Amino acid sequence: MELADFLMFRIEEDEGFARDAVDADHDWRVKESTIRLWPEDREPADGHLAFPREAHARHATMWSPARVLQECAAKRFIVEDYRAALNAHRTGWDVRSPRDYPLRALAVAYADHPDYEEGWRL
């Protein structure tokens, strides 16, 4: 499997999980050590997630569905830009060969995936 393909599959997986978790009427807020869906119009069992410390809750909110989708869009842009540069090189439009370091850096986050190849590590 090529590195760009590997990344696109991981991005699509991340997007799928995030889309499944999107709730257009609510966003995530931290109050003390609890993440709450805002506005708070749901039963506590449906809209709250408690953590041992406030720092844990704040970190977890960084992975809200909206943020994950934005990050996926940025990663997708990087991969597509690399593919376009690679295509331009292969067709002779650009004599420079694109470097895959940005893709390899993105792939490190998925190093625990069974399809990850150690040769991609920076």
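Because the structure is a prediction, the values reported are computed rather than measured.
- Nearest approach of Arg121 to Val108, heavy atoms of both residues: NH1-CG1, 4.4 Å.
- For the atom pair CG (Asp100) and CH2 (Trp120), the distance works out to 10.5 Å, reported to the nearest 0.5 Å.
- The two residues Phe6 and Tyr116 have their closest heavy-atom pair at CE1-N, 3.6 Å.
- Minimum heavy-atom separation, Leu7 to Leu103: CD1-O, 3.4 Å.
- A heavy-atom distance below 4.5 Å is found between the side chains of Arg83 and Asp5.
- The shortest side-chain heavy-atom distance between Met8 and Lys75 does not fall under the 4.5 Å cut-off.
- The 12-atom threshold is not exceeded at NE2 of His59, counting heavy atoms of other residues, nucleotides or ligands nearer than 6.0 Å.
- Of the inter-residue distances, the one linking Cys72 atom SG with Ile11 atom CD1 reads 6.5 Å to the nearest 0.5 angstrom.
- Closest of all the heavy-atom pairs between Arg67 and Met62 is CD-O, 2.6 Å.
- There is no side-chain donor-acceptor pair under 3.5 Å between Asn87 and Tyr82.
- Heavy-atom contacts from other residues, nucleotides or ligands closer than 6.0 Å to CE of Met1 number more than 12.
- To the nearest 0.5 Å, atom CG of residue Asp14 and atom CD of residue Glu71 are 8.0 Å apart.
- Atoms CZ and CG, from Arg10 and Leu106 in turn, are 13.0 Å apart once rounded to the nearest 0.5 Å.
- Minimum heavy-atom separation, Leu122 to Tyr101: CD2-CD2, 3.8 Å.
- Rounded to the nearest 0.5 angstrom, Arg99 CZ and Leu86 CG are separated by 14.0 Å.
- Between Arg104 and Gly119, the closest heavy-atom pair is NH2-O, 4.2 Å.
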Check: Would Trp63 and Val68 count as a side-chain contact (heavy atoms from CB on, under 4.5 Å) if you check the C-alpha gap in whole Å, the side-chain angles of each, and the deciding distance to 0.1 Å?
Finding: CA-CA 6 Å; Trp63 301 102; Val68 170; 4.1 Å; yes
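- At a threshold of 4.5 Å between non-hydrogen side-chain atoms, the residues Pro65 and Arg19 do not count as touching.
- Other residues, nucleotides and ligands place no more than 12 heavy atoms under 6.0 Å from the CD atom of Glu2.
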